[in-house]
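See structure below.
Lettering of chains follows the sequences in order, A, B, ..., and the numbering in each one begins at 1. Note: hydrogens, waters and symmetry copies are ignored here, and every other heavy atom, side chains too, is used.
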Protein chains: 2
Amino acid sequence: MTTPAKWLSAEQLRAWKGLSLMQLQLQARLGRRLAEHGLSYQDYLVLATLSDQPDGRRRVVELSDELGWEKSRLSHHITRMCERGLVNKVPCPSDQRGIFVILTDEGRSTLSLAAPDHVDDVQRYFFRHLSTSQVATLARIADTVLENLAADALDA
Amino acid sequence: MTTPAKWLSAEQLRAWKGLSLMQLQLQARLGRRLAEHGLSYQDYLVLATLSDQPDGRRRVVELSDELGWEKSRLSHHITRMCERGLVNKVPCPSDQRGIFVILTDEGRSTLSLAAPDHVDDVQRYFFRHLSTSQVATLARIADTVLENLAADALDA
DNA sequence: CGCCTTCTGTTGAAATTTCATCTAATCACG
DNA sequence: CGTGATTAGATGAAATTTCAACAGAAGGCG
């Protein structure tokens, strides 16, 4: 064969374009609802990630990994969320460089107000249209692709 | 059960988070390569969309639909790409409000230089890890979700 | 026609994100 | 221990994206 693939097939193109368009539209839609609670979609992600932890705290670097955000972006964002009273920053005892980001009471209550509507939207606009096996396929695809990206990043 | 779904299942969560993380990382990776050709990922999308058309031209409103960008974002972006000489703007004869965005020779050649590397990356980092049926599933999911979002936007 | 509504695209300011750089702390290792 | 390399996070300026408001053109309908 010449090369593995000179271009994308029609089906690949449909999947590729569709996926990013879907992501954009979905995010826009979800953001519109979250705005009613005074949160951006990004704010929500941060709050939700913090609340995954029982003590509502995460190292900045952990958040950065989980969300896939550059550290600078996260740092700026956390600063702004701090000013709004949604989170706090406290130094990490075991690593003097580290910072814990912690949910404030207000952050927690804002999240708990927004979450039901948000989850409802995610179900309505996304999962409602997917079969169980489709969901499983998505999860597996994401894991596989991410694993390979990570592996590739090591030797590169 | 209480309500249809109070929260997301573990598998749903895995799919949901994985999908957006994948998108972010993928985009970052692809962007890094495109930067070698002096293009951002966004630039590439615009150029590629224009080059889909035989005459390399699109109405701004068409681009906005295809890319899912807000018109203001697109307007600013086109302006900047104009200044860099990648595209031109010409008024649309049949609709005095309309603007055609057109690939310049430089835009076309920049794209043709960047495209092979980019397509290669998309294959390497994404499609390489997917079976044919997984690709088909992705395409169908995106279409379905987008259709329902569009339908929902009408009566809302 | 005249009026009202919708559509297209632009604009400038504000908010967000990126980029390069910097400081301090940890780590690896002789 | 000491030194050089790496890591965590912050910072300010530049680039990008959003938001609200706007102007002109089309379209609908009396």
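Salt-bridge check for A/Glu106 with A/Arg84: failed, with every basic side-chain N at 4.0 Å or more from each acidic carboxylate O. The pair B/Asp52-A/Lys17 meets the salt-bridge criterion, since a charged nitrogen lies less than 4.0 angstrom from a carboxylate oxygen. Salt-bridge check for A/Arg32 with A/Asp121: failed, with every basic side-chain N at 4.0 Å or more from each acidic carboxylate O. Salt-bridge formation is detected for the pair A/Glu11/A/Arg14: a Lys NZ or Arg NE/NH1/NH2 atom is positioned less than 4.0 Å from an Asp or Glu carboxylate oxygen.
Atom CD of A/Gln27 is separated from atom P of C/dT16 by 14 Å (rounded to the nearest Å). Following rounding to the nearest Å, A/Arg58 (CZ) and D/dG9 (P) show an atom-to-atom distance of 13 Å. Remark: C1' of D/dA8 and CH2 of A/Trp69 are 18 Å apart, rounded to the nearest angstrom. Atom CZ in B/Arg73 sits roughly 13 Å away from atom C1' in D/dA15 (whole-Å rounding). One can place CZ of A/Arg32 at 10 Å from P of D/dC19, the figure rounded to the nearest angstrom. For the pair A/Gln96 CD and C/dC27 P, the interatomic distance rounds to 12 Å; values are reported in whole Å. Remark: P of C/dT16 and CZ of A/Arg84 are 7 Å apart, rounded to the nearest angstrom. Distance CD (A/Glu83) to C1' (D/dA10): 13 Å, rounded to an integer number of Å.
Only B/Gln42, listed by number, bring a heavy atom of residues 33-47 of chain B to less than 4.0 angstrom from any atom of DNA chain D.
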**OP:** Go through the steps for A/Ile141 and B/Met22 under the test side-chain contact (heavy atoms from CB on, under 4.5 Å), then give the verdict.
**Re:** CA-CA 9 Å; A/Ile141 288 173; B/Met22 177 184 80; 4.3 Å; yes
Original post:
Does the side-chain contact (heavy atoms from CB on, under 4.5 Å) test come out yes or no for A/Gln12 and B/Phe126, once each step is laid out?
Top reply: CA-CA 10 Å; A/Gln12 285 178 328; B/Phe126 190 56; over 6 Å; no
**OP:** Please test B/Asp43 against B/Arg80 for salt bridge (charged side-chain N to carboxylate O under 4.0 Å, His left out), starting from the C-alpha separation and ending with a verdict.
**Re:** CA-CA 10 Å; B/Asp43 295 334; B/Arg80 290 189 299 262; over 6 Å; no
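Annotation for A/Leu74 and A/Val60: closest pair CD2-O, 3.2 Å, computed over non-hydrogen atoms.
Contact check, A/Arg80 against C/dA15: no side-chain N or O comes under 4.0 Å of OP1 or OP2.
Once rounded to the nearest 0.5 Å, the distance linking OG of B/Ser51 with CG of B/Leu111 reads 5.0 Å.
Considering B/Arg58, B/Glu66, B/Met81 in turn, B/Met81 is the only one that fulfils the side-chain contact (heavy atoms from CB on, under 4.5 Å) rule with B/Val46.
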Original post:
For every nucleotide of nucleotides 7-13 of chain C, 5' to 3': is a protein heavy atom under 4.0 Å from its base (B), only from its sugar-phosphate (S), or from neither (-)?
Top reply: BBBBBBB
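End-to-end axis angle for the helix from C/dC1-D/dG30 to C/dG30-D/dC1, using five pairs per end and rounding to 10°, comes out at 30°.
For B/Gln53 and B/Glu62, the side-chain atoms include no donor-acceptor pair closer than 3.5 Å.
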